[in-house]
Amino acid sequence: MVIYDKQYDIIVVGAGHAGCEAALAGARMGCATLLLSINLDAIALMSCNPAIGGLAKGHLVREIDALGGEMGKNIDETGIQFRTLNTRKGPAVRASRAQADKQLYRLRMKRVLENQENLSMKQGEVTALYVEEGVVLGVDTRVGVRFMGKTVILTTGTFLRGLIHVGLTSYAGGRAGDLPADSLSASLIAQGFDVGRLKTGTPARLDGRTIDFSKLEIQHGDDPPVPFSFSTGKIVRQQLPCHIAYTNQRTHDIIRANLDRSPLYGGLIEGVGPRYCPSIEDKVVRFPDKERHQTFLEPEGLDTVEIYPSGLSTSLPIDVQYAMYRSIEGLESVEVMRPAYAIEYDYVDPIQIRSSLETKLVRNLFHAGQINGTSGYEEAAAQGILAGINAALRTKGRDPLILGRGEAYIGVLIDDLVTLGTREPYRMFTSRAEFRLLLREDNADLRLREKGYEVGLVGEEEYARFREKRNMIAEEMNRIRGKRLIPSETERSFLEEFGLADLHNGISYEQLLRRNEFTYHELMRIDGQSACLPAEVREQVEIQVKYQGYIKRQLDQIERSSKLENSRIPEDFDYVTLAGLSSEVREKLLRFRPGTLGQASRIQGVTPAAVSILAIAIRAGRAR
């Protein structure tokens, strides 16, 4: 084994969306960082859908950006259609989504990484961890080089013993066109990790020249497009439409007739698939009465004919894929450029990591992304930036950054993983967050920008712009509380329009904005100063005014729960001899080893009475 002649602070294994954010965070915080990838030409490759964001996922991207990450900036530079989802619903569940030019996205991220100070990139397959006395000291590669590092972050995606399925044909691969990582799982198992199998899939890629788009419903993006990053002024790249198509009974009949040739239903696939992103054969079987299923035909870029049929992932044989796709109106003559496939891969049960994403079994080893059982680029990137931050903080001797459930969707994501574990690919939803009115996309910077600045990821210029925005919001809140509409000084028609004709005394602008039908658009008709404010400031003030009662209620709930969340449970706490716990509760606590009383309270089967017993024992100092 050749020992490389440079010691790194952080070694990141894998250059997908988690690995990119982890490596950039570490390097930007001043740590000598090494990023290892099996294929340096596949950095930040969009293995599945060519899009960023979506319901709850858009929240994660905004939070990554607020902390100083790169994903939001990258999609703003390379996006070809931007849409805001749930615009008719409240601000808590509105979400941003953008189609990317797949190749531009990859190339820009690679360029950012290559030009990042303190960051080295090397191609190589990591085959084993180098661990001594429970502390990771480096990694070994297939070609016999050992890289030494103070911390290691594993972001292995679907590559650990990856196995691709197309019908009853299976072959090894980390994804189509890339080799798997076949040896690293054995190294993890040797360290005592509980390794399981998961499954995901992707649709075929279709030749857009063979699709009759005239038969399909067109879907344009927002005009103007709204950026993801708080640092982006406006989107300037050319935008493209998507199209909507539907399966039909003929499609479903083809699928049902060939289920015996599906690896999913034929028993070849042992891994558990994503419940909330099922294959088309899953949909047909699970919803037999549904006459059709929708698909969005999404362009993969400005300079390619490849089309991604969202919602039509499958592992059926290639001849069945031809028939299935061609049964759809508008796709009667479609050519498949890349077949759909399912992929199985290893993951590590996330109850074996802490809230910092450091593993419990090996010190200075961090896991992020699909190795923790998650699905999605955004969930991976969110974990990546936290792992990178905390690995850097470890090398500096500082405490880790832990985000609470009331602070960020990233906090919800990580807490769910480390507290509950997962036996299926985990996907973020707004419904997973108890305090989602506080955790909106629009205020991610107000929640997290300060933290990003404190750890060194947000630069002085960006931070100065943020402080200016925050101060403007505070000043405007004070102004509208004091500024009043005076009936005698206001046009009669305006008063009548908003039911204020009988108003004798003045009413504050804040009280006006609290009315459902009244917005800043109306306020600007009588108040010229409002029109001078940036739109993002008006948006924040209006939301805070209209939802003031609900926001205060959630803040009170967070304050009440903070006692549990801040009550640390010592790592060596003795559950075995603690009287009053049932056998089931004791078994759960020993298995999950929660870090706080709050985490213990969220473990299924751990009763409020058991949490009270724990709290009393901790106060009495029962830790050995």
Side-chain angles (χ1 to χ4, degrees), residues 46 49-102 104-105 108 218-242 296 298-299 301-302 310 376-378 381-382 408-409 428 430 436-449 462 465-466 468-470 472-473 519-521 524 530-531 533-544 546-547:
M46 293 176 148
N49 61 313
I52 294 294
L55 301 179
K57 294 170 176 284
H59 292 70
L60 291 173
V61 180
R62 287 287 183 92
E63 291 177 355
I64 292 164
D65 183 73
L67 287 170
E70 195 64 29
M71 179 173 266
K73 293 183 177 72
N74 213 58
I75 186 60
D76 285 350
E77 288 276 346
T78 61
I80 55 177
Q81 187 191 99
F82 290 75
R83 291 184 66 222
T84 303
L85 310 178
N86 281 347
T87 54
R88 296 181 181 179
K89 296 185 179 180
V93 294
R94 289 178 201 148
S96 302
R97 187 178 188 273
Q99 294 295 126
D101 185 304
K102 183 174 177 177
L104 289 180
Y105 187 95
R108 182 193 178 276
I218 194 168
Q219 182 187 62
H220 294 284
D222 294 343
D223 186 18
V226 179
F228 268 96
S229 175
F230 293 98
S231 304
T232 302
K234 64 177 182 178
I235 304 300
V236 297
R237 188 168 296 282
Q238 176 188 348
Q239 302 290 285
L240 294 181
C242 296
F296 290 91
E298 303 170 347
L302 296 169
S310 176
Y377 309 147
E378 303 81 6
Y409 270 86
M428 178 52 70
T430 54
R436 57 183 173 271
L437 186 55
L438 299 178
L439 308 184
R440 306 183 308 275
E441 267 196 9
D442 58 79
N443 71 350
D445 58 339
L446 298 175
R447 293 183 279 116
L448 299 175
R449 200 57 135 181
E462 285 187 319
R465 286 199 300 268
F466 161 71
E468 182 181 12
K469 172 185 171 180
R470 186 173 59 184
M472 290 177 72
I473 292 169
T519 69
Y520 258 101
H521 180 74
M524 286 190 288
S530 297
L533 291 170
E536 58 184 6
V537 172
R538 294 197 298 266
E539 177 187 42
Q540 284 304 309
V541 172
E542 189 172 314
I543 289 173
Q544 289 183 32
K546 288 189 180 299
Y547 295 91

[X] [atom1] to [Y] [atom2] distance, which is reported to the nearest 0.5 Å:
X    : Y    : atom1 : atom2 : value
K89  : T430 : NZ    : OG1   : 8.0 Å
E539 : Q544 : CD    : CD    : 10.5 Å
L439 : E63  : CG    : CD    : 6.5 Å
Y377 : L60  : OH    : CG    : 15.0 Å
D222 : L85  : CG    : CG    : 8.5 Å

Query raised in the report: Counting only heavy atoms not in Q219, do more than 12 fall under 6.0 Å of its CD?
Result: yes
Can you tell if the side chain of [X] reaches within under 4.5 Å of the side chain of [Y], non-hydrogen atoms only?
X    : Y    : result
I64  : E378 : no
I80  : Q238 : no
Q239 : P225 : yes
M524 : R538 : yes
K57  : Y409 : no

Could you report the tightest heavy-atom contact between [X] and [Y], atom names first, then the distance?
X    : Y    : value
Q81  : G221 : CG-CA, 3.5 Å
C242 : P299 : SG-CD, 3.9 Å
P91  : I543 : CB-CD1, 3.9 Å
A51  : R97  : CB-NH2, 3.4 Å
P227 : G233 : CG-O, 4.2 Å
D65  : S229 : OD1-OG, 2.7 Å

Tell me if a side-chain donor or acceptor on [X] pairs with a main-chain N or O of [Y] at a distance below 3.5 Å.
X    : Y    : result
N86  : L55  : no
R62  : F228 : yes
H59  : A92  : yes
E542 : T519 : no
D76  : T232 : no

Query raised in the report: How about N443 and Q540: does a side-chain donor come under 3.5 Å of a side-chain acceptor?
Result: no
Query - Side chains of N49 and S310, donor plus acceptor under 3.5 Å - result: no
Test: [X] and [Y] ion pair at under 4.0 Å:
X    : Y    : value
R108 : E70  : yes
D101 : R237 : no
E462 : K73  : yes
R83  : E298 : no

Requested in this report: Kindly indicate, with the supporting measurements, whether the criterion side chain to side chain contact (heavy atoms under 4.5 Å, CB included) is fulfilled by I473 and L446.
Outcome: CA-CA 10 Å; I473 292 169; L446 298 175; 4.1 Å; yes
Query - For L438, all residues meeting side-chain contact (heavy atoms from CB on, under 4.5 Å), sequence neighbours excluded - result: F435, I551, Q554, L555, I558
**Report entry** Evaluation steps, side chain to side chain contact (heavy atoms under 4.5 Å, CB included), between E441 and T84
**Finding:** CA-CA 11 Å; E441 267 196 9; T84 303; 6.0 Å; no
Report task. Would you please name every residue forming a ring-ring contact (aromatic ring centres under 6.0 Å, His included) with F82, sequence neighbours left out? Result -> none
Query raised in the report: How far apart are the C-alpha atoms of Q99 and L240, what are their side-chain angles, what is the distance that settles it, and do they pass the side chain to side chain contact (heavy atoms under 4.5 Å, CB included) test?
Result: CA-CA 9 Å; Q99 294 295 126; L240 294 181; over 6 Å; no
Query raised in the report: With D445, which of R440, R470, R465, K469 fulfils salt bridge (charged side-chain N to carboxylate O under 4.0 Å, His left out)?
Result: K469
